[in-house]
Amino acid sequence: MKCTIGTTNVKDFGRAIHALAKVGEELYIEPSQSGVSFRTISSSRSAYFSYNFGNSFFTFYDSGLGGQTPASGEDTFRCKVAMKAVLNIFKGIHNLERTVQRCKLTLKWEEAKLIIQLTCHYGIVKTHNLSFIECDALQAVYDKESCPNHMVSDSRVLLGALSSFHQQTLEEISFCFTPRNLILKSHVEEPDPSKVVHTVVTLTRGEFEDYNIMSNCELTVCLKEIRALLAFTGSTGISTKAYFSGPGSPIIFTYDSKPLYEGTLVLATLVQKPEVGTHPASKSCHEPRASTSIRKASMNNTLRASEISMMQNNLPNTTSGDKAADVTVQNITVALDNSRVEDIPHQQKDVVRGDTSHSEPIVPLLRNNNKAAQEEEEDSDTVPSSPPAKKSRFFFRRCFEATFNPDTLPGHNVILAEDSDEGD
Amino acid sequence: MSIHPEEEREINDGHFRAKTDNVKNILQILKTMNFRDQANVVLSPSGIKVTVENAKCAQANAFIESDLFQEYEIEEEMVIFKLNLTSWIECLNIFGGGTAGAATPSLKMVYRGHGYPLVLELEEDGVVTDCEIKTEEPEDTLDFDFFSTEVMNKIIMRSECLKEVFTDLDVTSEMVEILMSPDAPYFRVSTFGNYGTSQTEISMESEMVEHFECKQTLKQRYRLSLLKPSIKPLTAALKVSVRMDARGFLCLQFMIRTESHHICFIEYFCCPEEEDSDD
């Protein structure tokens, strides 16, 4: 493959590399007839980020595939290089446009080399030879068409909203979608809520270019990847589209500047809370979910199985709970290869990323919203992790101190009639 | 390294004294040299020479000419001592970096002779600070014997150009290879890092190259860690002259314009890495 990026597009390319570098440590390159894909996956496999550059993005493009169709399998070349190496070449975004006149990318299959040549001002030519490794296709399995909810937002609106959140320490953020507005909340897995800053930003649907939410849902995702995406879209001024169905299923962000490039970020969401519109029958769908989750956990030996099963036991997830759990796994899994789909239920990994002790405390808060009897039952489920349960009770108690304001909970005005009696 | 008789030192209050109304001129130069704590200082009628060495393989020399000072008196032909460069810089910077346009402190330096400290007197708006820096016996400095007759290749260019090359060097590479040649690729800097090799070429046709004089193709490897400290003076410089002699020794000469528009020079020598020649 050979391609040349002109001076006007170098900056966008550099920005794309920077965005990808914030997500993953390896850069997957896959040329095709119509353009090149640059992809990455986060080390926990909870995020998949992909850029497709169309051949009009380049001033010169030769896929090097001849007349073959890329779908023919064996003839498609894919490789990966260390992200850091590429990032070093494109560091200093602001200088790129000023100094680089053209950038030539060459993939030499025989030598397993990626050659990046930057022709800069002052007659400087920088040639970087990076060794690559041939690899399987990196392709996330997702279907944005099947997502019932979507929204389109000016990236700067989201970027502005996110700027209110603590930049360094906050790792996760919850998007609470209601038909009227979007509430962004900091998500902190800290047993003592008084130790951390809680931030809530509300955007009304008027702020969005398109806002189509079928039902309330709350999605908790990693902030780092969202920031990476918005850093790109915010600086180029293009809109970000989001497609999602519910907690536990991935949220898909896309944006494009057709025909030059398009970007897709698939992010795992935390299976964590009962959806705001939970119906009381949630208990009934507990049992099947718990069993499937145990099975799924055992498939992945890197996961601490007991933790997952507990999590999902305690956290009824009715949006996807009604569907067959296996289907959910298929939908959200990011896989290196189709054959490995089953190996990497990244959604669960994301769930596990937080410590049990941290994840647990959320549970009693929810239980409180449910019936006390149910709480007792579930308590017996959590016996294996009694130390965290202590913390949970501690957390539980603070919730009912005078400073606790139920209004800060998402969807407080919508849910659970029995709760509103004592709370409001 | 001459040691003067006691009585001669006692007679003169100021063996060496120099005054400048803008301390930043000197500070700017010294700051670029601070890659090691210790520096040898040579005072002579023509000016001050500060030498900093790194692992006996690299050496930086700064020349601060006497006309940079409003007053400059020295009784001996040459006085040498060693001092802590970091302390010297800290003392000179005692009034802070200051923003542009702010009043700049004036400086008086006095050195009474062997065994005495270097006395600095800084004044800004009536505020006076006295500093004394202990001096030590000088160390022998390397003589790189870099005669201009032996110089095979020489390129003078605007420093931005080389700066862009040097600041982008792959830090995972232990060695840097510099090639200078009368034919293409003229000037090439290569690194061999963990992720692959990188080469940067500067064409002699570049508008940044002011002088190009290469007689022979020379290719030498230098330790990146030895070459790295040259980035500081390079950043401060207007122009840089890159020279390589037949033995492969590298000399970078930086031309720096001080705040009061004096021209100062810093030389940076670097030994090549011994290896089997594969030319």
Side-chain angles (χ1 to χ4, degrees), chain A residues 7 10 14 17-18 20-21 24-29 40 79-134, chain B residues 155-181 183-212 214 219 224 228 231 234-235 237-242:
Chain A
T7 181
V10 161
I17 295 292
H18 277 253
L20 289 164
E25 282 159 14
E26 280 169 329
L27 181 66
Y28 292 75
I29 305 170
T40 194
C79 64
K80 61 179 178 183
V81 290
M83 185 68 84
K84 234 178 170 179
V86 185
L87 184 65
N88 276 342
I89 296 166
F90 292 98
K91 70 183 171 192
I93 295 266
H94 298 294
N95 283 339
L96 276 180
E97 195 178 39
R98 196 172 53 83
T99 60
V100 178
Q101 284 161 357
R102 66 177 178 275
C103 166
K104 199 161 94 184
L105 303 174
T106 314
L107 280 175
K108 286 196 173 167
W109 299 106
E110 320 79 56
E111 299 164 42
K113 283 269 188 316
L114 166 67
I115 300 164
I116 301 180
Q117 191 175 65
L118 302 174
T119 308
C120 307
H121 62 174
Y122 304 156
I124 301 175
V125 181
K126 298 176 183 174
T127 313
H128 304 273
N129 285 290
L130 309 176
S131 300
F132 65 70
I133 304 168
E134 278 189 55
Chain B
I155 301 174
I156 299 176
M157 60 180 120
R158 312 261 315 161
S159 62
E160 294 101 301
C161 192
L162 195 63
K163 193 176 97 186
E164 214 154 278
V165 178
F166 272 30
T167 49
D168 271 3
L169 290 179
D170 183 354
V171 288
T172 62
S173 173
E174 196 186 350
M175 294 292 171
V176 180
E177 186 185 85
I178 297 180
L179 176 140
M180 293 172 90
S181 159
D183 312 300
Y186 308 111
F187 182 79
R188 192 179 72 194
V189 180
S190 317
T191 54
F192 314 89
N194 294 345
Y195 300 116
T197 59
S198 299
Q199 297 180 331
T200 308
E201 290 162 15
I202 300 176
S203 161
M204 70 170 282
E205 279 97 37
S206 166
E207 68 268 31
M208 289 286 137
V209 175
E210 295 190 355
H211 181 83
F212 187 89
C214 288
K219 190 168 76 174
L224 180 60
K228 260 270 155 99
I231 291 178
L234 180 62
T235 314
L238 270 184
K239 291 180 192 176
V240 55
S241 144
V242 185

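Not measured: the values here are computed from a predicted model. Note on naming: letters A, B, ... go to the chains in the order of the sequence lines (proteins, then strands), and numbering restarts at 1 for each one.
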| note | Applying a strict 4.5 Å limit to non-hydrogen atoms, the region of V165(B) in contact with chain A is side chain

| field | Flag if over 12 foreign heavy atoms under 6.0 Å of CD, E25(A) | value | no

| query | Does any heavy atom of chain A fall under 4.5 Å from the side chain of E201(B), the backbone, both, or neither of them? | reply | both

| task | Counting only heavy atoms closer than 4.5 Å, note whether K91(A) contacts chain B via side chain, backbone, both or neither. | result | side chain

| message | Only pairs of heavy atoms separated by less than 4.5 Å count here; which of I89(A), L130(A), V86(A), I124(A) has the most with chain B? | response | I124(A)

| L87(A) side, atom CG; Y195(B) side, atom OH - distance, nearest 0.5 Å | 10.0 Å

| What distance separates R188(B) CZ from T127(A) OG1, expressed to the nearest 0.5 Å? | 9.0 Å

| Taking atom NZ of K126(A) as the centre, does the number of heavy atoms from other residues, nucleotides or ligands within less than 6.0 Å exceed 12? | yes

| query | Pick from D168(B), N194(B), T172(B): which one has the most heavy-atom pairs with chain A under 4.5 Å? | reply | D168(B)

| remark: Tested for side chain to side chain contact (heavy atoms under 4.5 Å, CB included) against Y122(A), the lone hit among E207(B), R158(B), M157(B) is E207(B)

| query | Taking I202(B), T200(B), D170(B) one by one, which has the highest count of heavy-atom pairs under 4.5 Å against chain A? | reply | T200(B)

